[in-house]
Amino acid sequence: TDPQPPSSETTLDGRMRLYAEVIEDAGAIVIADAVLVAYLAADPSIAPLEVARVDAVRARLAWKWGDLDVASERYRRVAMEARRLRSDELRVRAWIGMAIVARLRGNFPASRAAGKRAVALARRAGLPGLESGAHHLLMVADAVAGEFAAAIDHAWHAYLCARGNATLESAALGNVGQVLLDA
């Protein structure tokens, strides 16, 4: 979902987050987090944008292992960096994360509000991968609420925004199918 690929094939920016995601997908969430912590500790010259992106990944790992307080704090730090760096990308990442944490806490109004802000800013800033993720979280909120027409609309928009990214496209199409089945 990064707006730009790494500037050089010799940089680890972005790649370490992908490695951690592979580890996460294998079910080793704590190891994925440890890899990211080691990456940050090993290179003090990592750009602040990349550090904040890693914080966003670590926040996701925290809510996946059930620590919503840690996840909230990490997303709050990402939002602070977004303001400091004037980064729409980081702001969208923080809002998406905050929306997920709110949903996991059962606060669907807050989840939807953050999700709608994330969709609008991602669209305005030209961040289709992140817009896809924001539509996905709104799809979940609408499906849980039984609002299947809106959920299908968000699922389809998640697919449209994912164009060109085969992984996001197939996940989005799977979600379209699941919402149609649930409806």
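- Residue I152 is grouped with residue V144 when hydrophobic side chains (ILVMFWY) are merged at heavy-atom distances under 4.5 angstrom, including chains of intermediate members.
- To the nearest 0.5 Å, atoms OG (S132) and CG (L137) are separated by 10.5 Å.
- Rounding to the nearest 0.5 Å gives a distance of 5.0 Å between CZ of R77 and CG of D55.
- For residues 83-135, the set of pairs meeting the ring pair (Phe, Tyr, Trp, His ring centres under 6.0 Å) definition, not counting sequence neighbours, comprises H135-H154, H135-H157.
- Residue pairs meeting the salt bridge (charged side-chain N to carboxylate O under 4.0 Å, His left out) criterion with at least one partner in residues 148-174, sequence neighbours excluded, are absent.
- The salt bridge (charged side-chain N to carboxylate O under 4.0 Å, His left out) analysis of residues 127-138, with sequence neighbours excluded, yields the pairs R123-E131.
- Residues satisfying the side-chain hydrogen bond (donor to acceptor under 3.5 Å, both in side chains) test with D25, not counting sequence neighbours, are none.
- Considering every non-hydrogen atom in both A20 and A32, the closest pair reads O-CB, 3.4 Å.
- Taking the side-chain hydrogen bond (donor to acceptor under 3.5 Å, both in side chains) definition, one finds that R58 meets it with D33, sequence neighbours left out.
- Remark: K64 engages E24 in a salt bridge (charged side-chain N to carboxylate O under 4.0 Å, His left out) (not counting sequence neighbours).
- The minimum heavy-atom distance between A71 and A62, with the atom names listed, is N-CB, 3.7 Å.
- Every residue meeting the side-chain hydrogen bond (donor to acceptor under 3.5 Å, both in side chains) condition with R112, not counting sequence neighbours, appears here in chain and number order: D142, E147.
- Residues V140 and V119 do not share a hydrophobic cluster, defined by chaining ILVMFWY side chains whose heavy atoms lie under 4.5 Å apart.
- For W156, the ring-ring contact (aromatic ring centres under 6.0 Å, His included) criterion is met by Y159, not counting sequence neighbours.
- A distance of 8.5 Å separates CZ in R117 from CE in M98, rounded to the nearest 0.5 Å.
- The minimum heavy-atom distance between A99 and S111, with the atom names listed, is O-OG, 2.9 Å.
- Residue pairs meeting the ring pair (Phe, Tyr, Trp, His ring centres under 6.0 Å) criterion with at least one member in residues 59-90, sequence neighbours excluded, do not occur.
- Between I46 and D43 the shortest side-chain heavy-atom distance falls below 4.5 Å.
- Scanning both residues, M139 and A151, for their nearest heavy atoms gives CG-O, 3.4 Å.
- Taking CG of L130 as the start and CG of L168 as the end, the distance is 9.5 Å to the nearest 0.5 Å.
- For the pair A134 and G115, the tightest heavy-atom approach, listed with the atom from each and the gap, is CB-O, 4.1 Å.
- Hydrophobic clustering (ILVMFWY, side-chain heavy atoms < 4.5 Å, transitive): I31 and L61 are in one cluster.
- Here the CG-CD1 distance, from L18 to I23, works out to 11.0 Å after rounding to the nearest 0.5 Å.
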Distance-only check: which donor-acceptor pairs under 3.5 Å involve side-chain atoms of residues 175-183, not counting sequence neighbours?
unit_1, atom_1, unit_2, atom_2, d
N175, ND2, H136, NE2, 3.3
N175, ND2, A171, O, 3.2
Q178, NE2, D182, OD1, 2.9

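- Residues I96 and L68 are members of one and the same hydrophobic cluster, defined by side-chain heavy-atom contacts under 4.5 angstrom among Ile, Leu, Val, Met, Phe, Trp and Tyr.
- Under the side-chain hydrogen bond (donor to acceptor under 3.5 Å, both in side chains) criterion, R76 pairs with E73, not counting sequence neighbours.
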(request) Could you give me the CA-CA distance, side-chain angles and deciding distance for V54 and M16, then say whether side chain to side chain contact (heavy atoms under 4.5 Å, CB included) is met? (result) CA-CA 9 Å; V54 169; M16 288 306 293; over 6 Å; no

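- At a threshold of 4.5 Å between side-chain heavy atoms, the hydrophobic network of Ile, Leu, Val, Met, Phe, Trp and Tyr places L160 and L138 in two separate groups.
- Summarising the hydrophobic clusters (Ile, Leu, Val, Met, Phe, Trp, Tyr; side-chain heavy atoms under 4.5 Å, direct or chained), the residues clustered with L49 are V78, L85, L90.
- Electrostatic pairing of R93 and E89 counts as a salt bridge here, judged by a charged N lying under 4.0 Å from a carboxylate O.
- Side-chain contact between R17 and E50 is present, with heavy atoms from C-beta onward closer than 4.5 Å.
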(request) Please report the C-alpha distance between R91 and R83 in whole Å, then the side-chain angles of each, then the deciding distance to 0.1 Å, and finally whether the side chain to side chain contact (heavy atoms under 4.5 Å, CB included) criterion is met. (result) CA-CA 8 Å; R91 189 169 287 114; R83 279 190 297 279; 3.9 Å; yes

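- Within the 4.5 Å cutoff, no side-chain heavy atoms of L40 are placed close to those of L36.
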(message) If you apply the rule side-chain hydrogen bond (donor to acceptor under 3.5 Å, both in side chains), what do you find for S72 with R105, and how did you get there?
(response) CA-CA 11 Å; S72 292; R105 287 187 165 144; 3.1 Å; yes

